[in-house]
S.K.: 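The structure under discussion is supplied below as structure tokens; questions concerning it will follow.
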Amino acid sequence: MDMDKLVSLCKRRGFIFPSSEIYGGINGFWDYGPLGVELKRNVKDAWWHDHITSRDDMVGLDCSIIMNPKVWEASGHLGGFSDPMIDCRACKGRFRADQATAVVFALGSADDPSSKPRFFVVCGIGDRDDVLKANEKAIEKAKKANKGAAWPETSETIRLDDAAIADDRYALVPCPACGQAGTITRPRSFNLMFKTYVGALEDDSSVAYLRPETAQGIFANFKNVVDTGRVKLPFGIAQVGKSFRNEINPRNFTFRSREFEQMEIEFFCRPDEAQEWYQYWRDYRFKWYTGLGLRSDRLRLRDHDSAELAFYSTATADIEYAFPFGVSELEGIAHRGDYDLSRHQQFSGKDLSYFDEERKERFIPHVIEPSAGADRAALAFLCEAFVEDEVGGEPRTVLKFHPRLAPIKAAVFPLVKRDGMPEIAQKIVADLKRKKINAFYDEKGAIGRRYRRQDEAGTPFCVTVDGQTLVDGAVTIRDRDSCEQRRVAVDSIVRAIDDLVEGVETFSKD
RNA sequence: GCGGGUGUAACUCAAUGGUAGAGUACCUGCCUUCCAAGCAGGCAACGUGGGUUCGAUUCCCAUCACCCGCUCCA
């Protein structure tokens with residue numbers, strides 16, 4: 001499938017527009033149009049229903065986007081992800097400046113103070129000893145090349161995040177990866193969290209951040225939820241909401257956006273049951289996607305190996321989807337142990353332990369975190385739904401959404417604009433809407449054209465009022481995927497559409 | 001962030017150093033037909049900012065956005 005065609009369709013039909021397009025857009029931000037907002041809402045509603053409303057071990061939460069900045073200290077986002085980075089212009093490597101060490105030997109300046117000082121510099125990842133060891137051979141070689149002059153007794157150790165290093169010496173620092181000198185940039189900060197100021201005064205004490213994930217709001221409210229006495233382990237807290245990350249390089253349509261929406265669960269349980277729950281959520285989340293139409297052969301459940309695992313996690317799996325631009329992550333399910341609650345307990349000074357009445361034990365619950373991207377899910381459903389096929393020898397573009405996700409569930413047409421057909425059709429639309437079924441009325445142009453328009457919008461069912469309706473009180477329902485039709489009494493049309501959308505009935509069986 | 005490419009109407013494209021054409025879509029009529037193209041009319045564009053030039057959509061520079069590759073992705 002061609003991503004360009006999907007992007008074009010999304011724009012043309014009003015699913016997704018570039019943000020602030022009339023001003024030239026803004027990198028990494030996207031808007032959902034009239035159809036897109038319905039699709040995305042359906043994704044979120046389906047998720048909420050399937051994980052909160054229909055279960056008795058889950059509760060919801062909606063917390064603020066801006067929180068006390070200490071939350072991000074505790075979570076590790078503030079310390080770990082605003083580090084200055086260094087890029088190598090030659091090998092394109094990127095390194096954390098605080099992990100790169102340079103050792104500077106001042107040559108030839110001891111004996112003859114009048115001569116221009118020369119320096120020999122080695123650089124690597126790690127501390128001074130690591131760097132010296134890694135560069136043993138280069139240093140030996142330099143010593144030999146330095147014959148005649150005394151090799152300095154002392155050398156200067158510099159962390160590359162120390163801005164004090166002079167330009168002339170910095171230019172001698174070799175790249176920690178490729179070893180080429182003069183190719184690395186000065187440390188640059190990559191603040192992946194959006195910073196803002198709370199209150200009118202912009203000073204250091206008012207700095208705050210837009211949340212980079214919804215999860216921490218759940219941990220921060222863990223005690224509140226437990227204290228209100230409505231939950232007992234094991235249970236989960238779920239939240240849907242916007243998050244913000246200053247991605248270095250947004251790419252692939254809405255896939256990597258700087259403002260995005262997450263659907264996150266923190267499922268709390270006893271430590272000895274955590275592994276079991278991890279398996280449970282891994283499977284449950286995978287099935288959720290296939291249940292809404294993603295083909296299982298385009299989905300992958302990939303376990304992280306030990307190198308990829310975060311240090312606090314004992315197991316993490318990604319649910320990946322084969323997007324046209326590559327296999328990419330839809331969701332991560334992480335076994336996070338008691339890391340988050342322990343950290344917040346430590347940083348807040350509040351007791352976040354849980355007392356298990358049954359076992360008479362007090363402990364910090366372990367947590368399984370299924371963290372999904374609403375925009376990524378919507379994009380995957382769009383990619384999956386996009387089909388170009390043929391109807392009666394004519395090509396057509398159709399979005400084969402699962403009926404639960406389709407922005408419009410049914411379109412209703414009068415076959416022709418006369419003899420009372422529009423009135424009957426409009427009444428059907430009103431009846432459907434009264435039942436909270438999103439319906440659309442269209443009387444313009446040829447009937448075939450109207451069907452195709454709805455195909456592109458992904459509408460699963462079209463209802464047509466024709467001349468015979470006036471006689472027999474029946475209308476036709478047309479199925480988007482098969483283009484087949486069958487007749488249904490006007491009186492039972494709302495029920496019929498509802499059953500089809502809810503999956504109580506399928507179209508082909510009568 | 002680096003390298004390469006692209007930028008003309010809502011969409012897909014065309015032409016041009018002398019202020020731009022088409023198809024689709026959309027709107028208004030007529031037609032009344034169950035799988036997109038019947039007739040007539042209409043709306044509508046050179047991403048942004050500089051520069052060269054008598055004159056720039058065209059050439060140059062910058063910038064922004066998008067695409068591809070690398071990098072990054074807690």
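Every chain is numbered from 1 and lettered A, B, ... according to where its sequence line falls, protein lines coming before strand lines.
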S.K.: Hey, does A:Q485 reach any base, or is it just sugar-phosphate, or nothing, if we go heavy atoms under 4.0 Å?
M.R.: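 Touches a base.
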S.K.: Assuming nearest nucleotide by heavy-atom distance, tell me which of A:D4 and A:K417 is located more 5' along RNA chain B.
M.R.: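 In this pair, the answer is A:K417.
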S.K.: Under 4.0 Å from OP1 or OP2 of B:C64: is there any side-chain N or O of A:N27 that close?
M.R.: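 It does not, given that no N or O in the side chain of A:N27 lies less than 4.0 Å from OP1 or OP2 of B:C64.
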S.K.: Applying the Watson-Crick and G-U wobble criteria at under 3.5 Å, what pairs with B:C70? Answer none if nothing qualifies.
M.R.: B:G1
S.K.: Looking at A:R453, does any N or O in its side chain come under 4.0 Å of the phosphate oxygens OP1/OP2 on B:C26?
M.R.: yes
S.K.: Sort out the partner of B:C43 for me: Watson-Crick or G-U wobble, both distances under 3.5 Å, none otherwise.
M.R.: none
S.K.: For atom P, what is the distance between B:G49 and B:C54, given to the nearest Å?
M.R.: 23 Å
S.K.: Rounded to whole Å, how long is the line connecting atom CZ of A:F325 with atom P of B:G69?
M.R.: 11 Å
S.K.: It should be established whether A:R245 places a side-chain nitrogen or oxygen under 4.0 Å from OP1 or OP2 of nucleotide B:A74.
M.R.: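 Answer is no, no contact under 4.0 Å.
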S.K.: Would you tell me if any nitrogen or oxygen in the side chain of A:R211 comes within less than 4.0 Å of OP1 or OP2 on B:A74?
M.R.: no
S.K.: Please compare A:V465 and A:E329 by the position of their nearest nucleotide in RNA chain B and report the one closer to 5'.
M.R.: A:V465
S.K.: Quick one: A:K444 NZ to B:C31 C1', roughly how many Å, whole number?
M.R.: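 Taking NZ of A:K444 and C1' of B:C31, I get 17 Å after rounding.
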S.K.: Name the closest nucleotide to the A:F253 side chain, picking from B:C67, B:U33, B:A25.
M.R.: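 Side chain of A:F253 sits closest to B:C67.
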S.K.: Between B:A9 atom P and A:E21 atom CD, what is the distance in whole Å?
M.R.: 10 Å
S.K.: A:F267 and A:W277: ring pair (Phe, Tyr, Trp, His ring centres under 6.0 Å), yes or no, with the steps?
M.R.: CA-CA 8 Å; A:F267 195 82; A:W277 279 110; 4.4 Å; yes
S.K.: Taking the P atom in each of B:C59 and B:A14, what is the distance between them to the nearest angstrom?
M.R.: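 The answer is 15 Å between these two P atoms.
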S.K.: Are a donor atom and an acceptor atom from the side chains of A:E264 and A:T214 found within less than 3.5 Å of each other?
M.R.: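 There is such a pair between these side chains.
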S.K.: Can you check the distance between B:C61 and B:G3, where both ends of the measurement are the P atom (answer in whole Å)?
M.R.: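 These two P atoms come out 15 Å apart once rounded.
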S.K.: Does B:C66 have OP1 or OP2 sitting under 4.0 Å from an N or O in the side chain of A:K11?
M.R.: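 No, no such contact exists.
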S.K.: Using Watson-Crick or G-U wobble geometry with both distances below 3.5 Å, tell me the partner of B:A62, or none.
M.R.: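 In the structure as shown, B:A62 has B:U48 as its Watson-Crick or wobble partner.
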S.K.: Send over the distance from A:N246 CG to B:G1 C1', rounded to a whole Å.
M.R.: 13 Å
S.K.: Can you tell which of B:A74, B:U32, B:G1 lies closest to the side chain of A:R251?
M.R.: B:G1
S.K.: What is the separation between atom CD1 on A:I22 and atom C1' on B:A10, rounded to the nearest whole Å?
M.R.: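 Distance check: A:I22 CD1 to B:A10 C1' gives 15 Å.
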S.K.: A:I447 near the nucleic acid: base, sugar-phosphate alone, or nothing, with a heavy-atom cut-off under 4.0 Å?
M.R.: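 Sugar-phosphate contact only.
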S.K.: Closer than 4.0 Å, any side-chain N/O of A:N252 to the OP1 or OP2 of B:C66?
M.R.: no
S.K.: Taking the same atom, P, in B:U19 and in B:U58, what whole-Å distance lies between them?
M.R.: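 These two P atoms come out 14 Å apart once rounded.
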S.K.: A:L382 pairs by side-chain contact (heavy atoms from CB on, under 4.5 Å) with which of A:L399, A:L9, A:V7?
M.R.: A:L399
S.K.: Rounding to the closest angstrom, what is the interatomic distance between B:C43 and B:G21 at atom P?
M.R.: 14 Å
S.K.: Under 4.0 Å, counting only non-hydrogen atoms across every strand here, what does A:G28 touch: a base, just sugar-phosphate, or nothing?
M.R.: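 Sugar-phosphate contact only.
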S.K.: Starting at atom CD of A:E443, determine the distance to atom P of B:C34, rounded to an integer number of angstrom.
M.R.: 17 Å
S.K.: Between B:C46 and B:C11, how far apart are the two P atoms, rounded to whole Å?
M.R.: 13 Å
S.K.: For the side chain of A:R449, starting at C-beta, report the closest nucleotide among B:C35, B:U24, B:A65.
M.R.: B:U24
S.K.: Remember a base hit wins even if backbone is also touched, and classify A:P395 as base, sugar-phosphate or nothing at under 4.0 Å, heavy atoms.
M.R.: base
S.K.: Cation-pi check, A:R282 to A:F286: give yes when NZ or CZ is under 6.0 Å from the six-membered ring centre and within 45° of the ring axis, no otherwise.
M.R.: no
S.K.: Between B:C64 and A:Y23, counting only base atoms on the nucleotide and side-chain atoms on the residue, is there a donor-acceptor pair under 3.5 Å?
M.R.: no
S.K.: How many whole angstroms separate atom CZ of A:R13 from atom P of B:U24?
M.R.: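 Value for this atom pair: 15 Å.
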S.K.: Could you work out which one of B:C66, B:C34, B:C11 sits closest to the side chain of A:R12?
M.R.: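 Minimum distance to the A:R12 side chain belongs to B:C11.
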S.K.: State the CZ-SG distance between A:R452 and A:C483, to the nearest 0.5 angstrom.
M.R.: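 Reported value, rounded in 0.5 Å steps: 7.0 Å.
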S.K.: Round to a whole Å and report the spacing from CG of A:D466 to P of B:U33.
M.R.: 11 Å
S.K.: Rounded to the nearest 0.5 Å, what's the gap from OG on A:S243 to CZ on A:R258? Could you check?
M.R.: 15.5 Å
S.K.: Go through B:A10, B:C34, B:U12 for me and flag the one nearest to the A:S8 side chain.
M.R.: B:U12
S.K.: Does A:Y32 form a side-chain hydrogen bond (donor to acceptor under 3.5 Å, both in side chains) with A:T254? I'd like the steps, not just the answer.
M.R.: CA-CA 10 Å; A:Y32 287 81; A:T254 58; 4.6 Å; no
S.K.: Is a donor-acceptor contact shorter than 3.5 angstrom present between the side chain of A:R478 and the base of B:C35?
M.R.: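 Yes.
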S.K.: Roughly how far, to the nearest 0.5 Å, is NZ of A:K242 from OG of A:S257?
M.R.: 9.5 Å
S.K.: Ignoring backbone atoms, test whether A:R452 places a side-chain nitrogen or oxygen under 4.0 Å from the OP1 or OP2 oxygen of B:A36.
M.R.: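 Checking B:A36 against A:R452, a side-chain N or O does come within under 4.0 Å of OP1 or OP2.
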S.K.: Say you pick atom P in B:A56 and the same atom in B:G42; how far apart are they, in whole Å?
M.R.: 31 Å
S.K.: Counting Watson-Crick and G-U wobble pairs only, both distances under 3.5 Å, name the nucleotide matched with B:A22, or none.
M.R.: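 WC or wobble partner is B:U12.
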S.K.: When the P atoms of B:A25 and B:U48 are compared, how many Å lie between them, rounded to an integer?
M.R.: 28 Å
